[in-house]
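In what follows, a single structure is set out as C-alpha cells and then discussed.
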Amino acid sequence: MTGDVRTPGPFPFPRQDFAASLVVFLVALPLCIGVAVASGVPAELGLITGIVGGLVTGLMRGSSLQVSGPAAGLTVLVLEAVRTFGLPALGVIVLASGLLQIAMGLLRWGRWFRAISLSVVEGMLAGIGLVIIAGQLYAAAGVPAPDSGLAKLTGLPGALVDALGSRAALVSLAVGAGTVVLVVGWRWMPRRARAVPGALVAVFLAALATTVFDLPVQTVRVSGVLEAVHLPGPAALSSLVDPALLGTVLAFALIASAESLFSAAAVDRLHTGPRTDYDKELVAQGAGNTLCGLLGALPLTAVIVRSSANVEAGARTKASRVLHGVWLLLFVALLPAVLAYIPLAALAGILVHAGWKLIPFRGVVTLWRRHRGEALVLVATATAIVAVGMFEGVLIGLALSVAKAAWEASHLRIEHSDDGRGAIRVRLQGTITFLRLPQILDTLESLPGDRRVVLDLTGVHHLDHACRAALETWAERHSGADAEAVRADTAAGRPEDSGAGSVSTPR
C-alpha cells in the first residue's frame with residue numbers, strides 16, 4: 001500500500017503492526033474474560049486461550065490477519081459440555097477436537113467447509129446469539145439461569161418480575177444495561193476516543209463505579225492462572241470411549257472449523273493482502289486447540305470482531321496478532337488481581353451485545369425477499385438450536401439444507417398441449433430425477449392411449465437412469481404396434497422416433 005514505511009527483516013511494518021496489536025489486545029481482553037465466565041469456567045482460562053491464539057495459531061501459516069481466541073459462538077457448546085462431563089473433561093474434548101482439525105487440514109478438507117450452506121452457518125450463529133442473550137440477561141441480574149435454551153427464553157418474564165423486587169438485582173441490571181448502552185453508543189464518540197474500544201471503557205467504568213460506590217454486584221472470581229489450569233489426567237483421557245463425549249468432540253471440531261473458515265473468508269474481503277490457505281488455516285486452528293486442550297483451557301476459533309479490528313487498525317502482517325498474545329501474557333503475569341474488580345454484570349452486557357451482533361437481522365430480510373427457502377433454513381436452524389440443542393440444531397439445519405438442494409435439483413416443469421387433431425405435445429423442463437418420477441408418470445399415463453405423443457425434452461438439463469428406463473417402458477406400452485406413436489425431441493434439436501425403448505438421454 002502507498003505511504004507505508006517498510007523495514008527489512010521479519011517485521012516489515014513495525015509501526016502499523018505494533019499499533020494494531022494494542023487495539024486487538026484491548027478488544028480481546030474483556031471478551032476473553034466474558035466468554036470464559038459465560039462458559040462456566042474460570043476467567044483465567046479465557047485469557048490462556050487468547051494467549052495461545054496469539055502466540056501459537058498467530059505464528060502459523062494460513063490466514064495472515066485474522067485473530068484467534070475464545071469465541072462467543074462456542075459459549076453454549078462449552079457450557080453444555082462442562083455441565084454434562086465436568087470441567088476436567090473439557091481439556092480432553094478440546095484436545096481431541098484440535099487433533100481432529102489437524103487431521104482434516106492435512107487431508108485437505110478445509111476447502112470443503114466452504115460448501116456448507118451460509119444459511120446454516122448464519123442460523124447457527126443466530127441461535128447461539130439468542131441463547132447467549134437470554135442466558136446473560138440472568139447473569140446481568142445476578143440470578144442463576146436455566147440449563148436449556150428454551151427454558152432460558154421462557155423463564156425471562158418470571159426472572160424479570162423477581163428482579164423488580166430485589167435491590168441487588170436491579171443494581172446489577174443497571175450496571176449491565178449501562179454497559180450495553182455505552183458499547184452501542186461508543187461509535188458516535190470522536191474518532192480519537194474510539195481508538196480505545198468501547199467494551200474496554202465500559203468494563204473499566206463499571207468496575208470503577210462498583211468499587212467507588214460499593215455496589216452490591218458480583219465480581220469475577222480470581223484463582224490464579226496456575227490454579228485454573230487442568231491438565232488432562234488418565235481418568236479424563238479414558239472418557240474418550242464415551243460415545244456422548246465423542247459426539248461433543250465432533251461438534252466442537254466441526255463448528256469451530258466452520259466458524260474459523262467463514263471468518264477467514266470474511267476477513268479476506270477486508271484487505272488486499274495474501275489470501276487464506278484454508279487447509280493450512282485448519283491445521284493452525286487445530287494446533288492451537290491441541291495446546292488449549294493440554295492446558296485445560298477453552299477452545300479457540302478465529303473471531304471476526306478481533307480480526308476486523310486488526311484490519312481496521314492498519315495491521316499488515318501476522319506480527320500484530322502475535323504481539324496481541326504477548327500483551328495478554330503480560331497482563332496475566334503482571335495484573336491478574338485486576339480481574340477481581342470486574343463486575344459480572346458488565347461482562348454480561350458485553351456478551352449481550354456480542355450475541356445481538358450474531359443475529360443477522362438484515363440478512364434474514366434480504367433472504368426472505370430473494371431466496372425464501374434459504375431464509376426458512378436459517379430460521380429453522382436457529383429455532384432448533386434454541387429448542388433442542390447446539391449439535392442437534394446444526395444437524396437439523398444441514399439436513400434441511402440438503403433436502404432443499406435435492407428439491408431444487410429435482411425441480412421440474414411439465415406442460416402439455418392438445419389441439420384435438422394432431423399429436424399431444426408434452427414438454428418437460430428442468431432436472432428429471434427419480435424424485436419426480438411419480439409426477440411424470442401420472443401425467444403421461446393420463447394421456448389418451450389412442451393418440452400420438454411428442455415428448456419434448458429440449459428443456460431437460462439432466463435425465464437420470466431410473467427416469468430414462470421408466471420413460472422407455474411407458475413409450476413401449478403406449479406405442480404398441482404403432483412405432484410412430486411416441487416421438488422424443490431431444491436437446492440436440494432434432495426429433496427422434498421413439499418406439500419401444502428409444503427415449504434417449506438429452507445431449
Using atom types as modelled and distance alone, determine if a side-chain donor or acceptor of Lys152 lies under 3.5 Å from a backbone N or O of Pro146. yes
Heavy-atom donor-acceptor pair, Thr75 side chain to Ala72 backbone, under 3.5 Å: yes
d(Met60 CE, Lys280 NZ) to nearest 0.5 Å is 10.5 Å
Okay, side chain of Asp418, backbone of Ile424: is any donor-acceptor separation there less than 3.5 Å? no
Would a 4.5 Å heavy-atom cut-off, applied to side chains only, mark Leu160 and Leu156 as touching? no
Enumerate the residue pairs fulfilling side-chain hydrogen bond (donor to acceptor under 3.5 Å, both in side chains) with a member in residues 90-102, sequence neighbours excluded, ordered by first and then second residue. Gln101-Ser257, Gln101-Asn289
With Trp356, which residues qualify under ring-ring contact (aromatic ring centres under 6.0 Å, His included), at least two apart? Phe361
Verdict with supporting geometry, Leu444 and Leu455, side-chain contact (heavy atoms from CB on, under 4.5 Å): CA-CA 10 Å; Leu444 295 178; Leu455 197 58; 4.0 Å; yes
Judged by atom type as modelled, is there a donor-acceptor pair below 3.5 Å linking the side chain of Tyr278 to the main-chain atoms of Gly62? no
Any donor-acceptor pair under 3.5 Å linking the side chain of Ser479 with the backbone of Ala475? yes
From Arg306 atom CZ to Gln66 atom CD, the distance as rounded to the nearest 0.5 Å: 11.5 Å
In this structure, CD of Glu281 is separated from OG of Ser63 (nearest 0.5 Å) by 5.0 Å
Can you find a heavy atom in the side chain of Val453 that is under 4.5 Å from one in the side chain of Trp474? yes
Does a sphere of radius 6.0 Å around CZ in Arg108 hold more than 12 heavy atoms from other residues, nucleotides or ligands, not counting ones at 6.0 Å or beyond? no
I'd like to know if the side chain of Arg372 reaches the main chain of Trp368, judged simply by a donor and an acceptor atom lying under 3.5 Å from each other, with no hydrogens or angles considered. yes
If you measure from CG on Leu395 to CG on Leu398, what distance do you get to the nearest 0.5 Å? 6.5 Å
Flag, side chain of Ser263 to backbone of Glu259, donor-acceptor distance under 3.5 Å: no
Quick one: CD1 on Ile432 to CD1 on Ile414, what's the gap to the nearest 0.5 Å? 8.0 Å
Below 4.5 Å, heavy atoms only, C-beta onward: do Glu476 and Glu472 meet side chain to side chain? no
Short question: side chain of Asn310, backbone of Leu65 - any donor-acceptor pair under 3.5 Å? yes
Backbone N/O of Ala319 and side chain of Thr317: donor-acceptor pair under 3.5 Å: yes
Where do Arg425 and Glu415 land on the salt bridge (charged side-chain N to carboxylate O under 4.0 Å, His left out) test, with the steps shown first? CA-CA 8 Å; Arg425 189 173 188 86; Glu415 300 175 344; over 6 Å; no
What I'd like to find out is whether the side chain of Glu374 reaches to under 4.5 Å of the side chain of Leu378, using heavy atoms alone. no
Using every non-hydrogen atom in the two residues, find where Val94 and Cys292 come nearest and quote the distance to one decimal. CG1-CB, 4.1 Å
Check whether any side-chain N or O of Thr57 sits under 3.5 Å from a backbone N or O of Ser68 as a donor-acceptor pair, and report yes or no. no
If you apply the rule side-chain contact (heavy atoms from CB on, under 4.5 Å), what do you find for Leu428 with Asp456, and how did you get there? CA-CA 6 Å; Leu428 304 180; Asp456 186 353; over 6 Å; no
Rounded distance (nearest 0.5 Å) linking atom CG of Leu347 with atom OG1 of Thr179: 8.5 Å
Around atom CZ of Arg194, are there more than 12 heavy atoms of other residues, nucleotides or ligands at under 6.0 Å? yes
Please name the residue in the list Thr290, Leu282, Leu107 that meets the side chain to side chain contact (heavy atoms under 4.5 Å, CB included) test with Ile102. Thr290
Start with the C-alpha distance between Ile359 and Ile133, add both sets of side-chain angles, then the distance that settles side-chain contact (heavy atoms from CB on, under 4.5 Å), and finish with yes or no. CA-CA 10 Å; Ile359 305 174; Ile133 291 171; 4.0 Å; yes
